[in-house]
Protein chains: 2
Amino acid sequence: MAEVKSLRPVKREPAAIAIASQLTQAIMDGSLPPGHQLGEADLAAQLGVSRGPLREAMQRLVQQGIAVSEPHRGVFVTKLDEEDVRDIYFTRSAMEAAACRLVLRQDPQRTADRLAKAHRAMATAARRGNMTGLSAADMEWHQTLVAESGSRRLARIAETLFVETRMCLSALTHRHPDPQAMVEEHAALIEALRAADEPRLLTLLEAHMRDGVERLTGREGSPE
Amino acid sequence: MAEVKSLRPVKREPAAIAIASQLTQAIMDGSLPPGHQLGEADLAAQLGVSRGPLREAMQRLVQQGIAVSEPHRGVFVTKLDEEDVRDIYFTRSAMEAAACRLVLRQDPQRTADRLAKAHRAMATAARRGNMTGLSAADMEWHQTLVAESGSRRLARIAETLFVETRMCLSALTHRHPDPQAMVEEHAALIEALRAADEPRLLTLLEAHMRDGVERLTGREGSPE
DNA sequence: GGATTGTCGAATGTCTACAACTTTTCGTCG
DNA sequence: CGACGAAAAGTTGTAGACATTCGACAATCC
């Protein structure tokens with residue numbers, strides 16, 4: 001048979017998946033802010049679907065913890081307080097540290113190459129002062145790290161955590177990080193990965209996450 | 001008004017939640033074996049609900065990864081291969097290690113006490129040769145550990161991982177672990193926790209998880 | 001005979017409509 | 001001004017119908 005490589009299987013995702021993606025996107029970029037109610041009638045009309053698939057999509061968000069359901073009242077976008085921010089970054093830290101350990105026993109160089117690609121996008125965005133692009137490149141970087149681990153479960157868990165991270169970020173658009181520091185931190189991480197220096201990699205990662213928390217909570221932990 | 005603390009608001013959980021719980025339970029104990037199709041019509045009739053809430057519940061399972069959906073074919077209980085077993089235990093290891101670190105910076109003694117309670121149940125079940133009770137106590141022990149960490153996200157993640165763990169166990173009921181070893185391993189973990197000896201605790205935990213994998217995959221790592 | 005094509009049944013995916021129940025709102029009365 | 005209670009609005013659950021799609025089997029063609 002003639003194998004035609006450019007032909008890929010037609011992907012037709014069910015409505016519930018598509019709806020969940022759109023809702024997630026809207027929640028991440030702040031269009032649906034924390035505490036906002038996901039009214040069934042409104043959303044169904046707006047998305048051009050019926051309540052059935054919409055409710056299925058909402059159950060997915062609730063299961064992820066991105067939304068919460070209050071019986072007979074509706075489902076609402078989850079509100080994140082300062083404790084949540086710490087929890088998110090702590091859990092991310094544990095997840096990504098685990099991903100690092102997996103990457104180190106596989107192909108650190110290849111992973112480093114792929115991370116470097118995201119890192120270049122980050123550096124470019126930083127140079128141009130493109131903060132949204134910087135944030136996107138940051139997410140891309142961490143997503144690549146987890147994907148490279150090859151662990152389905154880490155990938156699934158990280159997906160939710162990244163959504164929550166972006167919820168935090170879009171809620172505090174005014175507090176801008178130091179782009180230069182961000183670029184440098186990721187560069188150091190890649191370098192440690194290339195050197196296959198596990199202790200240093202994990203230490204840098206933990207510090208990186210701590211920076212993330214302090215950036216969002218008001219860096220209460222920094223003496224001088 | 002007279003405040004009566006023993007009076008709690010009547011909890012009426014939505015059908016989708018109740019259905020998801022029942023399905024999860026059936027999947028854990030092997031009534032719904034891996035690969036089995038969750039037919040809508042059958043299940044709906046069997047559970048006495050309509051297809052709507054049932055589909056919502058199934059979406060939750062799919063989101064958790066306990067079931068997989070093949071468009072226009074149906075949703076099926078996830079099949080777990082040997083790689084999945086390793087992934088589950090690796091992820092659990094990372095999760096529970098993180099929980100240990102959190103517990104250590106809170107109230108290790110109180111946590112140790114609560115773990116000791118589950119441990120006594122474990123020892124009793126072991127003495128009587130009650131393998132299902134032993135397995136239940138084991139799950140209870142680890143669930144307690146994660147709950148004591150106080151992290152919502154770790155708890156949510158662990159919930160799914162525990163379901164997957166029990167799926168593995170019920171698929172291999174013939175391969176029974178050494179009950180005595182199991183009791184001793186948990187005792188050592190509690191002891192390390194009481195001593196607030198973080199390095200030892202984490203080392204023991206990792207070894208405990210490695211044991212779990214080897215028990216299920218056929219202990220390929222043991223030469224003789 | 002073997003491979004392709006057409007057809008059919010069954011299950012999923014989706015929609016509309018309706019009934020039941022809760023919460024909220026709002027007007028009224030004390 | 002606050003309490004009570006009915007109406008309104010929203011969510012939750014059900015039922016039925018139809019379209020779409022998949023797997024299997026039968027018919028057809030070389």
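To find a chain, count down the sequence lines: A is the first, B the second, and so on, and within it residues start at 1.
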Run the numbers on A:S151 and B:D87 for side-chain hydrogen bond (donor to acceptor under 3.5 Å, both in side chains), then give the verdict. CA-CA 6 Å; A:S151 164; B:D87 193 29; 2.6 Å; yes
Intermediate values then yes/no, side-chain hydrogen bond (donor to acceptor under 3.5 Å, both in side chains), A:T217 and A:E82: CA-CA 6 Å; A:T217 60; A:E82 202 171 297; 4.9 Å; no
If you define the side chain from C-beta out and look only at heavy atoms, does anything of B:F162 sit under 4.5 Å from B:R92?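 Counting from C-beta outward, B:F162 and B:R92 do come under 4.5 Å.
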Are any non-hydrogen side-chain atoms of B:E140 and B:K117 less than 4.5 angstrom apart?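 SC-SC contact between B:E140 and B:K117 ruled out.
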Evaluate the criterion salt bridge (Lys or Arg N to Asp or Glu O under 4.0 Å) for residue pair A:R153 and B:D84; output intermediate values, then yes/no. CA-CA 9 Å; A:R153 280 153 194 87; B:D84 284 309; 3.2 Å; yes
Give me the first and last nucleotide of DNA chain D, going 5' to 3', that has any atom under 4.0 Å from a heavy atom of chain B.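 Contact span on the strand: D:dG13 to D:dG23.
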How does protein contact run along nucleotides 8-14 of chain C, one letter per nucleotide 5' to 3', with B for base contact, S for sugar-phosphate only, - for none, heavy atoms under 4.0 Å? ----SBB
Should A:E83 and B:R152 be marked as a salt bridge (Lys or Arg N to Asp or Glu O under 4.0 Å) after you check the CA-CA gap, both sets of side-chain angles, and the distance that decides it? CA-CA 10 Å; A:E83 188 188 324; B:R152 289 186 223 173; 5.1 Å; no
Pairs where residues 136-159 of chain A contributes a residue and the test ring-ring contact (aromatic ring centres under 6.0 Å, His included) is met, not counting sequence neighbours: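 Qualifying pairs, neighbours excluded: A:W141-A:H186, A:H142-A:H186, A:H142-A:H208.
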